Chemist: 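Structure incoming, see below.
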Amino acid sequence: MKRKMILMAIVVVIIVGLLAYYQYVPFWASIVSTGAFIFGVFLGWLAKGWSDKHVS
């Protein structure tokens, strides 16, 4: 139960942080930075898969 509560608190903090970020940053800058973040997460996921497969 405590772990679930901590996870929910983290999710709420992330959502509030994103809403504040989008409030104070211009629209196009927020779209570009969000896209870059998602692309970076995707590339990191691909790199980890490659690393697990090819590096012992």
Side-chain angles (χ1 to χ4, degrees):
M1 183 69 175
K2 186 173 182 169
R3 182 176 177 174
K4 192 174 186 179
M5 188 73 124
I6 291 172
L7 182 63
M8 287 300 293
I10 291 171
V11 168
V12 168
V13 167
I14 289 173
I15 290 172
V16 169
L18 284 173
L19 288 174
Y21 175 74
Y22 290 137
Q23 180 71 31
Y24 293 111
V25 175
F27 177 73
W28 288 110
S30 65
I31 293 297
V32 169
S33 64
T34 303
F37 175 74
I38 291 170
F39 187 67
V41 168
F42 178 70
L43 281 181
W45 178 65
L46 288 177
K48 175 158 181 4
W50 182 87
S51 173
D52 289 345
K53 190 178 200 181
H54 296 289
V55 178
S56 53

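All values reported here derive from a predicted model rather than from experimental measurement. No hydrogens, no waters, no symmetry mates; every other heavy atom, side chains included, goes into these values.
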Chemist: For residues 11-21, which residue pairs pass the side-chain hydrogen bond (donor to acceptor under 3.5 Å, both in side chains) check, not counting sequence neighbours?
Modeler: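 Residue pairs with at least one partner in residues 11-21: Y21-S33.
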Chemist: Determine yes or no for a side-chain-to-main-chain donor-acceptor pair under 3.5 angstrom, with S51 supplying the side chain and A47 the backbone.
Modeler: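 No; judged by distance alone, with no hydrogens or angles, the pair does not exist.
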Chemist: Hey, quick one: are F27 and L18 part of the same hydrophobic cluster, counting side-chain heavy atoms closer than 4.5 Å, chains of contacts allowed?
Modeler: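 As far as the 4.5 Å side-chain criterion goes, L18 and F27 are not connected within one cluster.
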Chemist: If we only count heavy atoms from C-beta on, is the W50 to L46 side-chain gap below 4.5 Å?
Modeler: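 A side-chain contact is absent here, since even the closest heavy-atom pair is not under 4.5 Å.
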Chemist: Would you please name every residue forming a side chain to side chain donor-acceptor pair (under 3.5 Å) with K48, sequence neighbours left out?
Modeler: D52
Chemist: Please list all pairs meeting salt bridge (Lys or Arg N to Asp or Glu O under 4.0 Å) that have one or both residues in residues 2-13, counting only residues at least two apart or in different chains.
Modeler: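 Every pair satisfying salt bridge (Lys or Arg N to Asp or Glu O under 4.0 Å) with a residue in residues 2-13: there are none.
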Chemist: Hydrophobic clustering (ILVMFWY, side-chain heavy atoms < 4.5 Å, transitive) - are Y22 and I14 grouped together?
Modeler: yes
